[in-house]
Amino acid sequence: MFKALLNGVFAAVLLAVTPVVARAEPLVLKLAHQWPQDEHDYVVAAGVKFAKEVEQRTNGEIKIQFYPAESLVKARDLHVALKTGTVDLAIYPYIYAAGALPELNLILMPGIWKTHEDVYRFRTTPVWAALEDKINAYGFKTLSWIQIAGGVASTGNPIRVPEDVKGLKVRASGKYMELAMKNIGASPVSMPSSEVYNAMQLGLLSGMWTSSSSFGAFRLYEVAKSYVSPQDYSLYFTIEPIAISMRTWRKLTPEQQKILMEVGRSLEPEALAGAKAEDTRIADKFANSGVKVEKLTLDQWNAWQEPFRVSHDQFRQDVPTAAKLLDMMIDEYR
């Protein structure tokens, strides 16, 4: 009895002096985006793969929780949410931040990029490095480059060259493309994507440029008669990367930062392939709905250069500090 009591006391003493190694709670990062959480969407799929690989490579130290469909913050406010640290990560079109960072109008500037390869190469240019510095100083950082292209759908004849939009009400892509349309003789119309279907159906809108994914999501192939696909050349490109708040970035260890950057970069070739596949999928959607589908040719792309020079000149006036960056872009892709 006495021996058993001693053994019990001895065991209790051991427990008291033996250090308990507790597993630290994982760091949960909030990732927001504007789309439904549908992994058939290559943009969302890239985000999901990013989250899984980060968790795996950090041995569970970092977990990423998704807030899709603007459930945490409105898409156009994401740059502010990143700046303040309200969200840790986001996938969103960087053009939404152009109000705060006017230099970012360059990523939706018409008449610069012809192909997906042009856009993909841009991420390694000095111009993008300068823009990334601006973005970092503002409050967020690019982890993974994701790009999109778009064509133009119309309720009448195909829109191939500038003459085709004269007298039409069109929804362009960004204010500098709208300026060019107005100078050509078209009437630019600004409206959210959710209203375009009814506007085209009622004849209030004759044509529109938007991303391939948006054409599919809003079933615009049901109300169009013609579609010029971006599969070869396009007037519409922009980027919607995976970004991290600089406030969150600074809280990570150097090893964690390294992992996030490596995972992000590793996903970029797959995201590029996804963008191209999306262009083809949407072109097939239009064709299968009885819409006349064409591809923009290089000669047709070149035909837009004269009206787009007006847009370039206006940008130089609007953002003189970035005029040199625009000139560098033009020289890079001429």
Query raised in the report: Between Thr238 (side chain) and Ile107 (backbone), is there a donor-acceptor pair under 3.5 Å?
Result: yes
Query raised in the report: Just by distance, with hydrogens left out, do Asp279 and Ser212 show a side-chain donor and acceptor under 3.5 Å apart?
Result: yes
Query - Value rounded to 0.5 Å, distance of OG1 in Thr84 from CE in Met246 - result: 14.0 Å
Query - Heavy-atom donor-acceptor pair, Trp304 side chain to Arg160 backbone, under 3.5 Å - result: yes
Query raised in the report: Does the ring centre of Phe315 sit less than 6.0 Å away from the ring centre of Tyr176?
Result: yes
Query - Glu270 with Lys49: basic N within carboxylate O range, under 4.0 Å - result: yes
**Report entry** Side chain proximity check, Val54 to Leu260, heavy atoms < 4.5 angstrom
**Finding:** yes
Report summary line: Nearest heavy-atom approach of Leu235 to Trp301 is CD2-CD1, 3.6 Å
Query raised in the report: Between the side chain of Lys30 and the main-chain N/O of Thr86, is any donor-acceptor distance below 3.5 Å?
Result: yes
Requested in this report: Assess the side chains of Glu255 and Thr253: does a donor N or O sit below 3.5 Å from an acceptor N or O?
Outcome: no
Requested in this report: State whether the number of non-hydrogen atoms from other residues, nucleotides or ligands found under 6.0 Å of Asp313 atom CG is greater than 12.
Outcome: yes
Query raised in the report: Would you say the side-chain atoms of Glu132 and Thr142 include a donor-acceptor pair closer than 3.5 Å?
Result: yes
Report task. Would you verify whether the NZ or CZ of Lys83 falls within 45 degrees of the ring axis of Tyr138 while also being under 6.0 Å from that six-membered ring's centre? Result -> yes
**Report entry** NZ (Lys285) with more than 12 external heavy atoms under 6.0 Å
**Finding:** no
**Report entry** Side-chain ion pair, Lys292 and Glu294, N-O less than 4.0 Å
**Finding:** yes
Query raised in the report: In terms of side-chain geometry, is the basic nitrogen of Arg281 or Glu278 positioned less than 4.0 Å from the acidic oxygen of its partner?
Result: yes
Report task. Only pairs at least two apart or in different chains count here, so list each salt bridge (Lys or Arg N to Asp or Glu O under 4.0 Å) that has a residue in residues 221-231. Result -> Arg219-Glu222
Query raised in the report: Would a distance-only check, ignoring hydrogens and angles, find a side-chain to backbone donor-acceptor pair under 3.5 Å from Asp164 to Val161?
Result: yes
Query raised in the report: Quick one: are the ring centres of Phe237 and Tyr120 less than 6.0 Å apart?
Result: no
**Report entry** N-O pairing of Glu178 and Arg171 below 4.0 Å
**Finding:** no
Query - Any donor-acceptor pair under 3.5 Å from Ser311 side chain to Met177 backbone - result: no
**Report entry** Residues, nucleotides or ligands: over 12 heavy atoms within 6.0 Å of Glu195 CD
**Finding:** yes
Report task. Report whether Trp209 and Val223 are members of the same hydrophobic cluster (ILVMFWY, side-chain heavy atoms less than 4.5 Å apart, transitive linking). Result -> no
Query raised in the report: With distance as the sole criterion, is a donor-acceptor pair present between the side chains of Asp318 and Gln314 under 3.5 Å?
Result: yes
Query raised in the report: Between Tyr94 and Tyr92, does the ring centroid distance fall short of 6.0 Å?
Result: yes
Report task. Given salt bridge (charged side-chain N to carboxylate O under 4.0 Å, His left out), test Glu117 with Lys276 step by step and report yes or no. Result -> CA-CA 10 Å; Glu117 282 68 27; Lys276 292 179 178 181; 2.3 Å; yes
Query raised in the report: Is the backbone N or O of Ala273 less than 3.5 Å from a side-chain atom of His116, with the two atoms forming a donor-acceptor pair by type?
Result: no
Query raised in the report: Under 6.0 Å from the CD atom of Glu55, do we count more than 12 heavy atoms belonging to anything else shown?
Result: yes
Query raised in the report: Between Arg316 and Asp327, is there a salt bridge with N-O shorter than 4.0 Å?
Result: yes
Requested in this report: State, yes or no, whether a side-chain contact exists between Leu179 and Val310 at a heavy-atom distance under 4.5 Å.
Outcome: yes
Query raised in the report: Looking only at side chains, do Gln231 and Thr280 share a donor and an acceptor under 3.5 Å apart?
Result: yes
Query raised in the report: For Ile244 and Leu82, which heavy atoms make the closest approach, and how far apart are they?
Result: C-CD2, 4.1 Å
